[in-house]
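A quick write-up on the structure given underneath.
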Amino acid sequence: MDALMRVSNTFKSLRETRLTAIRSPAEFFDYQRISRPADLNQATQRISYNTRYFSGKLTWNYGAVIAVLAVYAVLTNPLLLISLGFLVGGFMAINKWAPDPVQFGDHVVTQKHLYTALFVIGLPMLWLASPIMTFFWLVGASAVLILGHASVMEPGIESEYASVQDQV
């Protein structure tokens, strides 16, 4: 129960500190600011500005895009979901219910034996679930979405005054 409270408090603090700083969806999906860049130089300038604007120290819009894609990738790969659940659940179960050695007849089962069995079963399951392919899909899909969004979104009017604020 104590662990559940810690997780709940962590999510509350995350929501209060990070998620309140996300730019509004109306601003992030402002279709009136979408236009094709004239050339590669303009696209590069837009990418540079928009990646700082939407994923700076205080905003996490692109981080939220990556998190949604990661959740999608795990949910659409059932074997990866099962193997991650098996490994995480196994660690939690061993830590909670088997901290001391247990004797079965002539055999003594320790935490080390249980962790070994967990690894012997869980790691091949995880390998078959192809987490490396999922990781590279996540990197590629995130790059395409983020760079595509950043290159077609025109910077707001506040971008014109950014250089003035830096000089003052």
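Numbers here are sequence positions counted from 1. No hydrogens, no waters, no symmetry mates; every other heavy atom, side chains included, goes into these values.
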Subject >> Cluster companions of Leu147 among Ile, Leu, Val, Met, Phe, Trp, Tyr (side-chain spacing under 4.5 Å) >> reply: Ile47
**OP:** Sort and list the pairs that fulfil ring-ring contact (aromatic ring centres under 6.0 Å, His included) and have at least one residue in residues 105-125, not counting sequence neighbours.
**Re:** Phe91-Tyr115, Phe91-Phe119
Original post:
Roughly how far, to the nearest 0.5 Å, is the CD atom of Glu154 from the OH atom of Tyr49?
Top reply: 12.0 Å
**OP:** Check the hydrophobic clustering (I, L, V, M, F, W, Y; side-chain heavy atoms under 4.5 Å; chains of links allowed) and say if Trp97 and Val108 are grouped together.
**Re:** no
Subject >> Nearest heavy-atom neighbours spanning Met125 and Ser83 >> reply: CE-CA, 3.6 Å
Original post:
How far does CD of Gln42 sit from CZ of Arg36, to the nearest 0.5 angstrom?
Top reply: 10.0 Å
**OP:** Search all heavy atoms of Leu80 against all heavy atoms of Pro131 and return the closest pair with its distance.
**Re:** CD1-CB, 4.1 Å
Subject >> Shared hydrophobic cluster, Val88 / Phe135 (ILVMFWY, side-chain heavy atoms < 4.5 Å) >> reply: no
Original post:
Any link between Leu118 and Leu123 through a network of hydrophobic side chains (Ile, Leu, Val, Met, Phe, Trp, Tyr) touching at under 4.5 Å?
Top reply: yes
Original post:
Of all heavy-atom pairs between Phe54 and His149, which one has the smallest distance, and what is that distance?
Top reply: CE1-CE1, 3.9 Å
Subject >> OG1 on Thr51 to CD1 on Ile146, rounded to 0.5 Å >> reply: 9.0 Å
Subject >> Parallel, tilted or perpendicular, as decided by the 30° and 60° cut-offs, for the rings of Tyr72 and Trp137 >> reply: tilted
**OP:** Check whether Leu81 and Leu87 end up in the same hydrophobic cluster, where Ile, Leu, Val, Met, Phe, Trp and Tyr are linked by side-chain heavy atoms less than 4.5 Å apart.
**Re:** yes
Original post:
Just one of Arg46, Gln45, Arg52 clears the side chain to side chain donor-acceptor pair (under 3.5 Å) bar with Ser48, so which one?
Top reply: Arg52
Original post:
Where is the tightest heavy-atom contact between Leu114 and Ala98, given as atom of each residue plus distance?
Top reply: CD1-CB, 3.5 Å
Subject >> Gap between atom OG1 of Thr116 and atom CD1 of Ile121 - 0.5 Å precision >> reply: 11.0 Å
Original post:
What pair of heavy atoms forms the shortest contact from Val65 to Leu145, and how long is it?
Top reply: CG1-CD1, 4.4 Å
Original post:
So, for Ile66 and Ser142, which heavy atoms are closest and what is the spacing to 0.1 Å?
Top reply: CG1-OG, 3.7 Å
Original post:
Should Met92 and Val74 be regarded as members of a common hydrophobic cluster, given that ILVMFWY residues are connected when their side-chain heavy atoms come within less than 4.5 Å of each other, either directly or indirectly?
Top reply: no
Original post:
To the nearest 0.5 Å, what is the distance between CG (Leu126) and CD1 (Ile82)?
Top reply: 12.5 Å
Original post:
Taking atom CG of Asn50 and atom CG of Asn61, what is their separation to the nearest 0.5 Å?
Top reply: 10.5 Å
